[in-house]
Amino acid sequence: MRIPGQKFETVQVSGSRITIAGHLPFDADGKLAKPLGKVGAEVDADEAYKAARQVALGMLASLQAAGVDLDRVEWRKAFGMVNAAPGFNALPGVINGFSELLLEVFGERGRHSRSAIGVAELPFGAPVEVEAEAVLLPLENADGTAPAPTLDANPVTADSTAETSTGQTKRDPGLRLADYAGISPLSIPAEALVRSIESLSNLFWISIGGTVVTVFLAALVNLVGTAEGVLPFGEFDIPLSVLPIACLAFAMFLFWLTASRLRMLAGALSDDDLTAAMARDIFRLDPPVLDVFAADNLRYFAPLSGFSVLLWNWSMFLGSSIGLIFAATILPGSAASVDSFPSFLAYAGFTLAIMAYGVRRTLLPLRHIHQRLHGQPLRIGAARTVVAVLVAFGGLLTSNTGMPIAFTGQWQEWNPVGPLRANAIDGETLLLEGGQAIVLAGIQALRPDQTCLDADGSVYACGREATLHLQSIVREQEVFCFVAYPNLGACVVVTNGQTLPRRFEETITEQNIGARMVAAGYAFGEGDATEILRQTQNDAQRQRRGAWRGAFEPPGHTRTPHRAAP
């Protein structure tokens, strides 16, 4: 058994007394034996029993490596530790694997006293660890013809010396079972290395999960929240402006924590007591979930290496974050006829700055770690950079297919649709033949489930009346619309033989469908159309039409979700 950063003797011979350090189960090739984990959870009792037998075999190998003649060994005591899951108490049965192997090999000389305890953790997640004591029989008594020697009643101290089996005088370090029971055999730098690797694995999983959630949210917002400024979540409406802030805060915290753990790992590697060979052994025993420290990451382009996968994940997060910001700013702004492009640029700028911060703060310690492990620093390379940019654009397009339309200026174009038959979904949304939904631009109608008070104080379903009134407008006639991205439209009803409007401006009349809803008292001007519809709305109020005949709550920004036009 070889432990990185080892500061103790695996086998210590002092006179006739042999003390053996705690041993873990190792395979014949020197690697930590699988399975690893807690007995009773990740490892069952039979597997742990076999692991205890491997501990005994490894202990015999350590005795031979120390020059001890196994034919002269008589066992005295074993102290067995089981990495037990809560509730697992079959500890003696596990350590029986160790004891029974000694009895099989040594017979009567293998009999020993023993303890078997459960512990919360063991090094490297091993299921079993055992330490032991034995005595070395004199050569003339090794066949058992004379009584075995007893230990000196006065144990040697740290300042005394004793003759070893090789005849050399060696200082006894004075370690006793009580002195180091429960202490990890790892040095402090090695322990810091192991803990940093484990925490990085958790952070990599979190970053992958964060990317998946961001892509999902961006697609969801683009689908159901574009014209509303809110994302429906059960009974609640989440303002879209909250999502970019949450996304940026998550990214900043994750990059800061990842950089901190990488610096901790680099600091552990820089310790003079931890050699590069020892560090490589630790990484082989327990690599992180994305093995960003393997040697194949040093190639200028290794698409399936750990660092490349991590870089692709970050690139996808960048693209989907910008797609989410676009859906949360530009689309609601266009729905309300508000210029939200400065907000989008500000959010996108913050996102790029955070991503640049994350790459810069994590790449530097990654370079130092690879320099320590493999003798050369890690570099991103031109090929990785190009693919990262392509992945970022792929994430952007995946999360928001309307981005090309926005950046080419097509979202401001009003395209003719119809004439077609239509029905009303609510007081401001038409469903055309073929399934295309159009939100009437420039108005806010009463919500479908809204109630109002009439002149005598009675409650009535004014939102339902608004829906029925819009249905009555389009019931007998076809509609013709000019539609802009994503699903905003200015629509008029047309009769047979009527000349269709040739330009969007020709639909902005007192007879378009949105103006007729305002004139009926079931809708109100919004955005740029507020001034155009002011007189129409004032007339409806004076004549107490629709909701104006009593008291009502203005729709505000709490609106029914609309499905964006396909």
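Start at 1 with the first residue, then count along the sequence.
One N or O on the side chain of Arg367 and one on the backbone of Leu378 form a donor-acceptor pair closer than 3.5 Å. In this structure, Thr214 contributes its side chain and Gly210 its backbone to a donor-acceptor pair below 3.5 Å. Within the 3.5 Å criterion, the main-chain N or O of Asn423 finds no donor-acceptor partner in the side chain of Gln471. Side chain of Gln450 to main chain of Arg447: a donor-acceptor pair is present (N/O by atom type, distance under 3.5 Å, no hydrogens or angles). The backbone N or O of Pro35 lies less than 3.5 Å from no partner atom in the side chain of Glu47, so there is not a single donor-acceptor pair. Judged purely by atom type and a 3.5 angstrom limit, Lys38 has no side-chain atom pairing as donor or acceptor with the backbone of Val82. With hydrogens and angles ignored, the 3.5 Å screen pairs a side-chain donor or acceptor of Glu433 with a backbone N or O of Arg421. Judged purely by atom type and a 3.5 angstrom limit, Glu428 has no side-chain atom pairing as donor or acceptor with the backbone of Val439. Thr429 places no side-chain N or O within donor-acceptor distance of the main-chain N or O of Asp426, the cut-off being under 3.5 Å.
Heavy atoms only, all atoms of each residue included: Pro419 and Phe480 are closest at N-CD1, 3.8 Å. What you find for Ala48 and Val43 is that their closest heavy atoms are N-CG1, 3.9 Å. A pairwise comparison of heavy atoms in Ala466 and Leu446 identifies CB-CB, 4.3 Å as the closest pair. Taking both residues in full, the closest heavy atoms of Leu298 and Pro377 are given as CD2-O, 3.7 Å, listed atom of the first, atom of the second, then distance. Pairing each heavy atom of Gly37 with each of Asn83, the nearest pair is O-ND2, 3.6 Å. Scanning all heavy atoms of the two residues, the minimum distance from Ala422 to Val474 falls at O-CG2, 3.7 Å.
Remark: Arg464 CZ to Asp449 CG distance equals 12.5 Å, nearest 0.5 Å. Note: Ile197 CD1 to Asn202 CG = 12.5 Å, rounded to the nearest 0.5 Å. Separation of atoms CG (Leu470) and CG (Leu440) is listed at 6.0 Å; rounding is to 0.5 Å. Here the CD atom belonging to Gln477 is positioned 9.0 Å from the CD1 atom belonging to Ile513, to the nearest 0.5 angstrom. Annotation: the span from Leu203 atom CG to Leu310 atom CG amounts to 10.5 Å, rounded to 0.5 Å. One distance of note links OG of Ser321 with CZ of Phe350; it measures 14.5 Å at 0.5 Å rounding.
A side-chain donor from one of Gln535 and Asp539 sits under 3.5 Å from a side-chain acceptor of the other. With 3.5 Å as the limit, one finds a donor-acceptor pair spanning the side chains of Ser308 and Arg384.
Residues Pro303 and Val387 fail the side-chain proximity criterion, which asks for heavy atoms closer than 4.5 Å. No side-chain heavy atom of Ile438 sits less than 4.5 Å from a side-chain heavy atom of Leu431. The closest side-chain heavy-atom distance from Val309 to Phe204 is not below 4.5 Å. Residues Phe482 and Pro501 are in side-chain contact: their nearest non-hydrogen atoms beyond the backbone lie under 4.5 Å apart.
Scored by the disulfide bond (SG atoms under 2.5 Å apart) test, Cys247 finds no partners at all (sequence neighbours excluded). By the ring pair (Phe, Tyr, Trp, His ring centres under 6.0 Å) test, His469 pairs with Tyr522, sequence neighbours left out.
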**Asked** Are Phe317 and Met355 close enough, and set up right, to give a side-chain contact (heavy atoms from CB on, under 4.5 Å), and what steps lead you there?
**Response** CA-CA 9 Å; Phe317 178 83; Met355 293 298 297; 4.0 Å; yes
**Asked** Taking it one step at a time, do Ser315 and Val389 satisfy side-chain contact (heavy atoms from CB on, under 4.5 Å)?
**Response** CA-CA 7 Å; Ser315 301; Val389 173; over 6 Å; no
**Verdict with reasoning, Phe524 to Phe552, per ring-ring contact (aromatic ring centres under 6.0 Å, His included)** = CA-CA 12 Å; Phe524 314 92; Phe552 63 93; 5.3 Å; yes
**Item:** side-chain contact (heavy atoms from CB on, under 4.5 Å) between Ile425 and Leu430, worked out
**Value:** CA-CA 6 Å; Ile425 298 176; Leu430 296 175; over 6 Å; no
**Prompt:** When you look at Val483 and Leu488, which way does the side-chain contact (heavy atoms from CB on, under 4.5 Å) test go after all the steps?
**Reply:** CA-CA 6 Å; Val483 181; Leu488 296 174; 6.0 Å; no
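A cation-pi geometry, defined here as NZ or CZ lying under 6.0 Å from the six-membered ring centre and within 45° of its normal, holds between Arg549 and Tyr460.
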Atom pairs and distances, donor-acceptor, side-chain atoms in residues 253-267, under 3.5 Å, two or more places apart:
unit_1, atom_1, unit_2, atom_2, d
Thr258, OG1, Leu254, O, 2.8

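Among the candidates Val493, Asn512, Val417, the single residue satisfying the side chain to side chain contact (heavy atoms under 4.5 Å, CB included) test with Val479 is Val493.
Look at Glu526 and Arg534 and you find no salt bridge, because none of the NZ, NE, NH1 or NH2 atoms lies under 4.0 Å from a carboxylate O.
Applying the 6.0 Å contact sphere to CZ of Arg503 captures no more than 12 heavy atoms from other residues, nucleotides or ligands.
A centroid separation of 6.0 Å or more is found between the aromatic rings of Trp312 and Phe307.
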